[in-house]
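Single-structure report; data block below.
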Amino acid sequence: MIKCGNMKNLAKNYDPRKVEKRIYSKWEKSGFFNPDVCLERKKTTPRAPYFSMVLPPPNVTGVLHIGHALGITTEDILTRFYRMKGRRTLWIPGTDHAAIATQSKVEALLEKQEKKNRHDLGRREFLKRVNRFAAESRSTILGQLKKMGASLDWSREAYTLDKERNKAVATAFKKLYDLGLIYRGVRIVNWDPKGQTTVSDDEVNHEETEGVLYTFYYEKGFPIPIATTRPETKLGDTAIAVNPKDGRYKKYIGKKFSVNFVGTPLIIKVVGDKAVNPSFGTGALGVTPAHSLADWGIAKRHNLETKQVINEYGKINENYPPFSGKKAKEARKEIVERLKKENLLLREEKIKQSIAKAERTGGIIEPLPKLQWFIDVDKEFSFPYSTLSFVKKGEKTTLKKLMSLSVKKGWISIVPKRFEKTYFHWIENLHDWCISRQIWFGHRIPVYYRKQKPQTEDHNQADNIHVGESPPEKEGWKQDPDTLDTWFSSGLWTFSTLGWPEKTKDLKNYHPTTVLATGYDILFFWVARMILMTTTLKGEIPFHCVYLHGIVRDEKGQKMSKSLGNALDPVNLAEKYGTDALRMSLIMGSAPGNDVKMSESKIKAQKHFANKIWNASRFVLSILPENKKELEKITSKNTPLLGKDSLSYKNFSKHVKEVSKDIENFRLYLAAEKLYHYFWHTFADVIIEESKQSIHEGREEERLSASRNLYLQLIEQLKLLHPFMPFLTEEIWAILPKSPGSEEFLLIEKWPQ
RNA sequence: GGACGGUUAGCUCAAUUGGCAGAGCAUCUCGCUUACAUCGAGAAGGUCGCAGGUUCGAGUCCUGCACCGUCCACCA
């Protein structure tokens with residue numbers, strides 16, 4: 001029998017609570033999350049390839065949810081893997097101010113706690129409150145990131161609204177403006193009457209509801225019946241559009257009618273437009289340019305007048321008595337009543353209708369023509385860089401083309417590939433991006449206006465608009481009161497975090513970033529915008545690869561949310577089962593782009609796995625001799641592995657290669673599964689069990705060979721498992737005797753070959 | 001209207017280039033044996049959504065269908 005005193009002081013069961021905090025602070029103190037320290041301490045070399053990533057900045061609206069935990073785990077696995085591979089590895093942390101989301105959260109709190117709105121406080125005081133809220137959220141979030149074990153370089157932490165990023169935003173705005181890609185103009189926008197602001201197409205959700213399609217004549221004797229779900233907007237009709245091929249109405253095209261519609265005089269021109277579907281409704285469309293994007297397009301094509309009926313509060317404006325001041329819905333009811341009374345209503349039919357709601361406030365979107373700032377995605381401009389192969393310097397291109405070609409030409413790959421199709425499809429349907437918001441929290445638009453003086457009224461706009469970080473020195477300039485869409489600043493994230501617009505070393509060393517890992521739900525919001533911004537402002541791609549993970553759902557497959565009460569809190573779970581178990585359970589069975597169904601039993605299983613690793617390690621520790629010289633025989637390379645052990649180790653080497661390949665190819669779920677399976681069902685169940693005989697009863701060489709095989713395989717499995725289960729593996733690493741040349745921290749240990 | 005994904009054991013999901021259908025949880029039986037009862041040994045449980053086709057061989061490739069889900073879309 002060998003003496004086995006080594007494991008006496010180790011608990012029989014692994015208790016993550018006693019380990020995780022201590023280990024994280026050890027890592028932080030070591031400085032190895034920072035590639036500069038790794039370089040200094042020669043853990044990597046200046047000539048090593050880099051691996052860089054940004055953390056998709058969590059919104060400062062509250063706390064991290066389990067979806068974040070999946071993203072963080074995915075990213076941390078990649079980061080730890082490449083760090084161990086010897087790359088110059090940088091993962092940058094940060095948070096997002098999330099303009100509308102944060103502002104509406106604080107507004108709701110204000111309403112609830114003090115029965116006040118933001119105007120009661122005023123812009124300055126209100127912003128103070130929001131910033132205070134954001135700061136609290138930020139520190140909660142940072143704590144949670146650490147709890148998850150994220151090996152982020154905290155020395156480079158960024159915030160979308162901090163000084164550096166503010167400068168980046170203003171610079172970006174000016175540059176895009178100078179390129180002619182940002183313009184101010186009147187267009188139909190998505191107006192949120194509840195939030196009193198515009199929102200972009202992507203911030204609108206469509207819900208299917210039942211609506212009523214009313215078919216009627218404007219007045220008695222009018223030849224063309226029209227159909228609409230919103231009779232109240234018809235007060236603003238300026239035309240009827242019919243399909244030019246429609247025999248029924250051909251003869252009316254070009255004619256003008258004066259009608260009296262429920263007491264309001266209208267001048268209706270009949271136009272032919274091929275956007276009109278002859279088989280829907282009556283085949284004739286009452287054109288309301290101010291309140292429908294489709295009609296706006298028709299009006300543009302036929303030079304029709306725009307008459308606004310509904311105001312910013314969703315009420316009929318002052319021009320339409322007796323309906324003025326009434327809510328759209330009430331006005332609708334009254335108008336329909338009147339049409340009925342006058343015998344003008346032909347039909348009422350129930351139809352399925354999709355209703356647009358603002359994502360954040362739930363307000364029903366009112367399409368309104370408004371003067372706003374836009375990014376023009378179709379405008380041709382000459383590309384100012386010679387850094388991308390698919391567009392030459394000086395060549396005419398558009399933002400849409402840049403976004404599309406970056407992926408099409410293989411500069412950026414999307415994993416899984418099927419999302420590339422979705423991406424292209426989205427770009428094809430893209431309209432100009434409305435970037436101005438009538439909210440207070442965010443980047444104030446870096447534009448200043450001056451009232452035109454009568455004597456200088458020469459239509460020279462440049463005299464009265466100034467685009468830049470600060471106003472010109474002369475008097476009378478007022479900054480635009482609006483703020484920018486939050487995704488404007490997020491779009492700059494890969495390079496604004498590295499110091500742009502300054503020419504920093506970080507930019508040179510770590511951009512383009514290697515991978516962007518994020519949920520597929522923000523492919524359009526964020527990923528596409530980043531590609532847009534980076535190609536245009538830097539002549540670079542933001543990342544070489546986009547890894548899209550799924551959404552975390554509950555056991556029933558429902559999206560987790562606070563309101564449904566099925567949300568799992570990652571910090572609670574980590575506390576209960578250990579972070580490593582939580583991480584493992586999130587990764588296992590989650591193929592790229594696939595949703596993950598989570599349940600506590602899954603996490604529990606991984607807690608058991610952690611315990612298994614702990615105990616197998618205790619066993620290996622128990623067979624290691626205490627005597628230094630004896631121990632060296634096992635830890636050093638000089639002891640040969642005999643037949644069976646040698647074969648077992650060879651097999652293990654295959655496992656190592658497979659796992660490495662899986663991680664390199666983003667098959668993290670497969671790597672995790674293999675690690676689990678090999679450790680439990682090969683290493684513990686078979687190899688350890690079979691070694692027991694050699695160790696207890698074998699000859700000296702057999703004993704040494706078996707012990708060395710166990711020791712080697714354990715050590716190397718700890719390395720393989722480290723990216724997935726960093727705390728447990730680091731803890732065991734600290735306890736096990738090391739081979740010559742090993743690192744103090746598993747964190748920076750070389751990845752097995 | 002367009003596109004995408006899913007359908008495999010009671011539940012949650014795997015099966016990387018086509019090669020004997022696998023895990024975890026739950027269930028049943030037995031076992032506290034000197035790493036681990038957060039464990040071990042064993043059992044039961046599957047016409048891989050349906051219908052065709054390609055192939056020596058199909059859960060995997062092709063065609064069609066069904067159901068569930070998701071995203072996109074200016075048919076009022």
Side-chain angles (χ1 to χ4, degrees), chain A residues 1 4 7 10-15 188 201-202 206 211 213-215 226-230 233-234 240-241 275-288 291-298 351 353-354 356 367 416 418-419 421-426 428-431 520-521 523-524 550-551 553-559 577-578 581 585 588-591 593-623 658 661-662 665 667 669-674 676-677 680-681 684-685 688-689 692 696 710:
Chain A
M1 250 334 248
C4 48
M7 55 178 259
L10 292 181
K12 251 180 152 179
N13 297 324
Y14 173 64
D15 184 359
I188 295 261
D201 294 347
D202 300 305
H206 297 270
L213 185 69
Y214 302 93
T215 305
I226 57 164
T228 181
T229 52
R230 299 192 65 189
T233 63
K234 300 287 106 182
I240 279 181
V276 180
N277 176 356
S279 57
F280 186 88
T282 63
L285 164 68
V287 182
T288 321
H291 299 294
S292 151
L293 193 53
D295 295 11
W296 175 263
I298 294 172
I351 58 161
Q353 194 190 194
S354 85
R418 66 182 140 91
F419 280 96
K421 212 171 169 181
T422 322
Y423 175 78
F424 293 135
H425 183 250
W426 178 80
E428 277 162 32
N429 287 309
L430 192 60
H431 304 293
Y520 65 76
D521 51 330
L523 179 63
F524 310 134
I551 310 282
R553 295 170 183 280
D554 71 4
E555 291 146 292
K556 289 175 202 139
Q558 284 179 303
K559 223 171 171 172
Y577 300 101
S585 64
M588 261 174 87
S590 75
N594 284 6
D595 291 351
V596 192
K597 281 188 197 150
M598 261 318 261
S599 61
E600 288 208 35
S601 71
K602 247 174 124 175
I603 312 172
K604 211 169 143 192
Q606 294 305 321
K607 183 190 159 88
H608 295 176
F609 181 49
N611 198 52
K612 189 77 185 176
I613 298 173
W614 177 253
N615 276 297
S617 304
R618 277 175 73 228
F619 175 75
V620 173
L621 201 55
S622 78
I623 57 146
E658 271 180 48
K661 218 174 147 195
D662 283 337
N665 292 314
R667 296 188 296 252
Y669 69 110
L670 271 185
E673 228 150 79
K674 282 175 189 166
Y676 178 94
H677 204 268
W680 202 311
H681 300 297
D685 286 356
I688 287 185
E689 289 309 319
K692 279 180 180 169
H696 294 308
L710 291 184

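Just so you know, these numbers come straight off a predicted model, no measurement behind them. In what follows, chains are A, B, ... by sequence order, proteins preceding strands, each numbered from 1.
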Could you give the NE2-to-C1' distance, from A/His206 to B/A73, as a whole number of Å?
8 Å
In Watson-Crick or G-U wobble terms, with both distances under 3.5 Å, the base opposite B/U17 is none
Across all strands, who's sitting opposite B/G24 as a Watson-Crick or G-U wobble pair, both distances under 3.5 Å?
B/C11
Protein N or O to nucleotides 37-44 of chain B N or O, pairs below 3.5 Å:
| unit_1 | atom_1 | unit_2 | atom_2 | d |
| --- | --- | --- | --- | --- |
| B/U38 | O4' | A/His608 | NE2 | 3.1 |
| B/U38 | O2' | A/Asn611 | ND2 | 3.0 |
| B/C39 | OP1 | A/His608 | ND1 | 3.0 |
| B/C39 | O3' | A/Lys612 | NZ | 3.3 |
| B/G40 | OP1 | A/Lys612 | NZ | 3.2 |
| B/G40 | OP1 | A/Trp680 | NE1 | 2.5 |

Test for a donor-acceptor pair under 3.5 Å between the base of B/A35 and the side chain of A/Lys692, counting only N and O atoms.
yes
Looking only at non-hydrogen atoms, find the nearest pair between A/Ala284 and A/Ile240 and report the distance.
CB-CG2, 4.0 Å
Side chain of A/Asp662 only, please: which of B/A76, B/U16, B/C72 is the nearest?
B/U16
Roughly how far apart, to the nearest Å, are B/G6 and B/C48 at atom C1'?
14 Å
Which whole number of Å gives the distance between the C1' atom of B/C68 and that of B/G18?
27 Å
Which whole-number value in Å describes the distance from A/Lys674 NZ to B/G22 C1'?
14 Å
Considering only atom P, compute the distance from B/A44 to B/U7 and round it to an integer number of Å.
27 Å
Assess whether atom NZ of A/Lys661 is packed by more than 12 heavy atoms of other residues, nucleotides or ligands within 6.0 Å.
no
Categorize A/Ala591 for me: base, sugar-phosphate, or nothing, with a 4.0 angstrom heavy-atom threshold over every strand shown.
nothing
Sub-4.5 Å side-chain heavy-atom contact between A/Ile551 and A/Tyr520:
yes
Let me know the distance between CG of A/Asp595 and P of B/G69, rounded to the nearest Å.
13 Å
Take A/Ala284 and A/Lys604, find for each the nucleotide of RNA chain B with the closest heavy atom, and name the residue whose nucleotide sits nearer the 5' end.
A/Lys604
Starting at atom CG of A/Asn277, determine the distance to atom P of B/A76, rounded to an integer number of angstrom.
10 Å
Parallel, tilted or perpendicular for A/Tyr14 and A/Trp614, by the 30°/60° rule?
tilted
Result for 5'-nearest mapping on RNA chain B, choosing between A/His677 and A/Asn429, is A/His677
Please report the closest heavy-atom contact between A/Ala227 and A/Gly281, naming both atoms and the distance.
CB-CA, 4.1 Å
Please report the distance separating the C1' of B/A26 from the corresponding atom of B/G64, rounded so that it comes out in whole Å.
38 Å
Roughly how many Å apart are B/G1 and B/G59, using the C1' atom of each and rounding to a whole number?
33 Å
For A/Glu689, answer base if it contacts any base atom (sugar-phosphate contacts may also be present), sugar-phosphate if it contacts only those atoms, and nothing otherwise; contact means non-hydrogen atoms under 4.0 Å.
base
What contact category does A/Ser292 fall into here, base, sugar-phosphate, or nothing, at under 4.0 angstrom with non-hydrogen atoms?
nothing
If we call it a pair only when both distances are under 3.5 Å in a Watson-Crick or G-U wobble match, what pairs with B/G1?
B/C72
Could you check which of B/A14, B/C72, B/A76 has an atom nearest any side-chain atom of A/Glu673?
B/A14
When both distances are under 3.5 Å in a Watson-Crick or G-U wobble arrangement, the nucleotide paired with B/C61 is B/G53
A/Val276 near the nucleic acid: base, sugar-phosphate alone, or nothing, with a heavy-atom cut-off under 4.0 Å?
base
Taken to the nearest whole Å, CG/A/Asp202 to C1'/B/A73 is 13 Å
What is the distance, rounded to the nearest whole Å, between atom CZ of A/Phe619 and atom C1' of B/C36?
11 Å
Whole-angstrom distance between B/C32 and B/G69, as gauged at atom C1'
47 Å
Treat primed atoms plus P, OP1 and OP2 as sugar-phosphate and everything else as base, then score nucleotides 2-10 of chain B 5' to 3': B for base contact with protein heavy atoms under 4.0 Å, S for sugar-phosphate contact only, - for none.
-SSS-----
Please say whether the positively charged group of A/Lys602, taken as NZ for Lys or CZ for Arg, lies over the ring of A/Tyr577, i.e. under 6.0 angstrom from the six-membered ring centre and within 45 degrees of the axis.
no
Roughly how far apart, to the nearest Å, are B/G45 and B/A51 at atom P?
23 Å
So, for A/Ile688 and A/Ala616, which heavy atoms are closest and what is the spacing to 0.1 Å?
CD1-CB, 4.0 Å
Atom NZ of A/Lys674: over 12 foreign heavy atoms under 6.0 Å
yes
Looking at A/Lys12 and A/Asn611, what are the two nearest heavy atoms and their distance?
O-OD1, 4.2 Å
Residue pair A/Lys234 / A/Ile226, side-chain heavy-atom distance below 4.5 Å
yes
Whole-Å distance between B/A23 C1' and A/Tyr669 OH?
15 Å
Whole-Å P distance, B/A3 and B/U8
25 Å
Nearest atoms (heavy-atom pairs only) where A/Tyr423 meets A/Phe524:
CA-CE2, 4.2 Å
Which atom of A/Ile188 lies closest to which atom of A/Pro367, heavy atoms considered:
CG2-CB, 3.7 Å
Strictly by Watson-Crick or wobble contacts shorter than 3.5 Å, is anything paired with B/G46, and which nucleotide is it?
none
Please determine, for the side chain of A/Thr228, which listed nucleotide (B/A76, B/C36, B/A14) has the closest atom?
B/A76
Out of B/C74, B/A35, B/C72, minimum distance to the side chain of A/Phe524 belongs to B/C72
Can you check the A/Asp295 CG to B/A76 C1' distance for me, whole Å?
7 Å
B/U33 - base-pair partner by Watson-Crick or wobble geometry, distances under 3.5 Å
none
